Student: 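Would you mind keeping the following structure in view while I ask a few things?
A note on names: the letters A, B, ... follow the listed sequences, proteins ahead of strands, and every chain is numbered from 1. None of the values given here were measured: they were computed from a predicted structure.
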There are 2 protein chains.
Amino acid sequence: MKLTSKGRYAVMALVDLARFDNINPVSLRDISLRQGISLDFLEQIFSKLRKNEIVQSVRGTQGGYILNKKAKEIKLTNIFDAVDEKVKTVQCKKESKKGCNGKSTKCLTHNLWDELENHINNFFKEKSLEDLVKDNNERRI
Amino acid sequence: MKLTSKGRYAVMALVDLARFDNINPVSLRDISLRQGISLDFLEQIFSKLRKNEIVQSVRGTQGGYILNKKAKEIKLTNIFDAVDEKVKTVQCKKESKKGCNGKSTKCLTHNLWDELENHINNFFKEKSLEDLVKDNNERRI
DNA sequence: ATGATACTTGACTATTTTAGTCAGGTTTAT
DNA sequence: ATAAACCTGACTAAAATAGTCAAGTATCAT
């Protein structure tokens, strides 16, 4: 079980952005340089973030991206949802009718994975972008 | 982020085993049939579980596997460790000297992934095989 | 003894996912 | 006008996953 780069980079890029946001739009080029993330990959990610109304784009020279909400209101859940980072512990849930093994009953551990998913998602729901920025500023002092 | 089959199957198989354990060794063939898991794959998994002293094997006719400890003492952590199911949120930790992006500093979100890993691992440390068996018996009533 | 049952080991592989790259746009500030 | 910036979608090499396959060895019931 591990996190994918897409999700990790999305969060990193947004933390970077959130730190400069109140001044000017931040260009992906800058984020790419500062965070060491491929520009092309960032574009893919930000395309999704924009569609999910987490950021706004500003075109033209001196353009870039700005947050679409306050950092406090952007939770990790929102970010992961936007870039299709899913916490998926188990297959069983896709098929609505059938049970987990193609059998009619739930698998022995069905409830467990449910609990685990909730446990992880709670963590993501509580944590906001603001928390991360703060955490970072404290470390820099 | 998702769990691999190896980890899931390991837990499923052990719950199955734990339910019959006090009577006789349970053969992989039976587990395979009941849980719909490939016998060959189960053998791979149980080989690891045995090496990690989670189960004992009983050879010969009527042989099979039995738990090596009480179900209460087998935590999910132990099972996942045994089958190499790792919670790995981030690459940064491998390289001891360098930072996360090959830079000298930690990446902006380093602490976050640390916290997340702990959050998940705590869940695994608390949950025992006995809990799962109980949960299952309750559901069957 | 011997056959059946069961465990043991290790190599192999098709499929899927990941982590991007690449190419060719369009839009807008100056 | 033009450079900086965003936008889109197709493509792909490499790694991980989820097993399969083959060839054993050990033990027990009879």
Side-chain angles (χ1 to χ4, degrees), chain A residues 1-13 17 20 24-33 35-52 54-66 68 80 83-91 94 101, chain B residues 1-13 17 20 24-33 35-52 54-66 68 80 83-91 94 100-102:
Chain A
M1 182 163 60
K2 68 175 188 219
L3 233 60
T4 69
S5 289
K6 201 170 276 186
R8 287 192 291 115
Y9 286 166
V11 176
M12 279 174 66
L17 194 155
F20 296 90
N24 278 315
V26 179
S27 75
L28 293 190
R29 191 178 135 75
D30 287 351
I31 296 179
S32 167
L33 290 174
Q35 304 304 327
I37 305 170
S38 142
L39 180 58
D40 282 318
F41 202 24
L42 275 178
E43 282 176 354
Q44 264 186 52
I45 292 168
F46 272 75
S47 169
K48 294 186 179 191
L49 291 176
R50 193 180 59 81
K51 280 174 191 156
N52 284 272
I54 290 173
V55 296
Q56 278 184 351
S57 67
V58 179
R59 298 189 147 218
T61 314
Q62 305 304 320
Y65 285 95
I66 55 174
N68 197 31
F80 285 144
V83 299
D84 300 315
E85 181 85 83
K86 293 181 201 90
V87 175
K88 200 177 66 175
T89 51
V90 96
Q91 268 81 9
K94 286 190 177 173
N101 310 322
Chain B
M1 182 160 64
K2 67 173 189 220
L3 233 63
T4 68
S5 288
K6 202 170 276 186
R8 287 191 292 113
Y9 286 165
V11 176
M12 278 174 65
L17 193 154
F20 295 90
N24 278 317
V26 179
S27 74
L28 293 190
R29 189 177 138 75
D30 286 352
I31 296 178
S32 167
L33 290 174
Q35 303 303 327
I37 305 169
S38 140
L39 179 59
D40 281 318
F41 202 24
L42 276 178
E43 282 174 353
Q44 262 186 54
I45 292 168
F46 272 76
S47 170
K48 294 186 179 192
L49 292 175
R50 194 181 57 83
K51 280 175 192 156
N52 284 272
I54 291 173
V55 295
Q56 278 184 353
S57 66
V58 179
R59 297 188 149 219
T61 314
Q62 306 303 320
Y65 285 95
I66 56 174
N68 197 31
F80 285 143
V83 298
D84 301 315
E85 180 85 82
K86 292 181 202 92
V87 176
K88 200 177 65 176
T89 52
V90 94
Q91 268 81 10
K94 286 192 176 173
C100 304
N101 311 321

Student: Side-chain contact test, heavy atoms from C-beta onward, threshold under 4.5 Å: evaluate it for Val83(B) versus Tyr9(B) and give yes or no.
Tutor: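 Result no, sub-4.5 Å side-chain heavy-atom pair not found.
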
Student: Which heavy atom of Ala13(B) sits nearest to which heavy atom of Leu42(B), and what is that distance?
Tutor: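 Minimum heavy-atom separation between Ala13(B) and Leu42(B): CB-CD2, 3.9 Å.
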
Student: Among dC6(D), dA19(C), dA6(C), which nucleotide sits nearest the side chain of Phe41(A)?
Tutor: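 Nearest to the side chain of Phe41(A) among the choices is dA19(C).
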
Student: Does dC7(D) have OP1 or OP2 sitting under 4.0 Å from an N or O in the side chain of Ser57(A)?
Tutor: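 Answer yes for this pair, as a side-chain N or O of Ser57(A) is under 4.0 Å from OP1 or OP2.
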
Student: Whole Å only: how far is the CG atom of Leu3(A) from the C1' atom of dA16(D)?
Tutor: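 Those two atoms, CG and C1', are 16 Å apart.
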
Student: Closest to the Tyr9(A) side chain: dG20(C), dT21(C), dA5(D)?
Tutor: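 Selected nucleotide (nearest to the side chain): dG20(C).
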
Student: Looking at Glu85(B) and Lys6(B), would you say the former's side chain and the latter's main chain have a donor-acceptor pair under 3.5 Å?
Tutor: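 No.
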
Student: Rounding to a whole Å, what distance do you find between Leu28(A):CG and dG20(C):P?
Tutor: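 Checked: the CG to P distance equals 16 Å.
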
Student: Expressed in angstrom and rounded to an integer, what is the separation of Leu39(B) atom CG from dA23(D) atom P?
Tutor: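 Interatomic distance, CG of Leu39(B) to P of dA23(D): 17 Å.
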
Student: Compare all side-chain heavy atoms of Gln62(A) with those of Asn24(A) and state whether any distance is below 4.5 angstrom.
Tutor: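 When only atoms from C-beta onward are counted, Asn24(A) and Gln62(A) do not touch, as no gap falls below 4.5 Å.
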
Student: Is it true that the side chains of Arg8(B) and Ser5(B) contain a donor and an acceptor less than 3.5 Å apart?
Tutor: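 Arg8(B) vs Ser5(B): donor-acceptor pair found between side chains.
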
Student: In whole angstroms, how far is the C1' atom of dG20(C) from the CD atom of Gln35(A)?
Tutor: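 Rounding to the nearest Å, CD of Gln35(A) and C1' of dG20(C) are 18 Å apart.
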
Student: Within this structure, what is the CZ-to-C1' distance between Arg29(A) and dA5(D), rounded to whole angstrom?
Tutor: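 Between C1' of dA5(D) and CZ of Arg29(A): 11 Å.
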
Student: Expressed as a whole number of angstroms, how long is the span from Ile45(B):CD1 to dC7(C):C1'?
Tutor: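 Rounding to the nearest Å, CD1 of Ile45(B) and C1' of dC7(C) are 15 Å apart.
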
Student: How close do Gly63(B) and Pro25(B) get, counting heavy atoms only, and between which atoms?
Tutor: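 Minimum heavy-atom separation between Gly63(B) and Pro25(B): C-CB, 3.8 Å.
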
Student: From CD of Gln56(B) over to C1' of dT27(D), roughly how many Å is that when rounded to an integer?
Tutor: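 For the pair Gln56(B) CD and dT27(D) C1', the rounded distance is 16 Å.
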
Student: Rounded to the nearest Å, what distance is computed from the CD atom of residue Gln62(A) to the P atom of nucleotide dT30(C)?
Tutor: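 Interatomic distance, CD of Gln62(A) to P of dT30(C): 7 Å.
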
Student: Once rounded to the nearest 0.5 Å, what's the spacing between atom CD1 of Ile45(B) and atom CG of Asp40(B)?
Tutor: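 Taking CD1 in Ile45(B) and CG in Asp40(B), the distance rounds to 11.0 Å.
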
Student: Can you label the angle between the Phe46(A) ring and the Tyr65(A) ring as parallel, tilted or perpendicular, going by 30° and 60°?
Tutor: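 Taking Tyr65(A) first and then Phe46(A), their aromatic rings sit tilted (interplane angle of 30° to 60°).
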
Student: Using a 4.0 Å heavy-atom cut-off, write out nucleotides 9-18 of chain C from 5' to 3' as B (base contacted by protein), S (sugar-phosphate only) or - (no contact).
Tutor: B-B------S

Student: By side chain to side chain donor-acceptor pair (under 3.5 Å), which residues pair with Gln56(B), not counting sequence neighbours?
Tutor: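 Expected list: Asn68(B).
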
Student: Restricting to nitrogen or oxygen on both sides, can you table the protein-nucleotides 25-28 of chain C pairs closer than 3.5 Å?
Tutor:
from: dT27(C); atom 1: O4'; to: Arg59(A); atom 2: NH1; distance (Å): 2.1
from: dT27(C); atom 1: O3'; to: Arg59(A); atom 2: NH1; distance (Å): 3.4

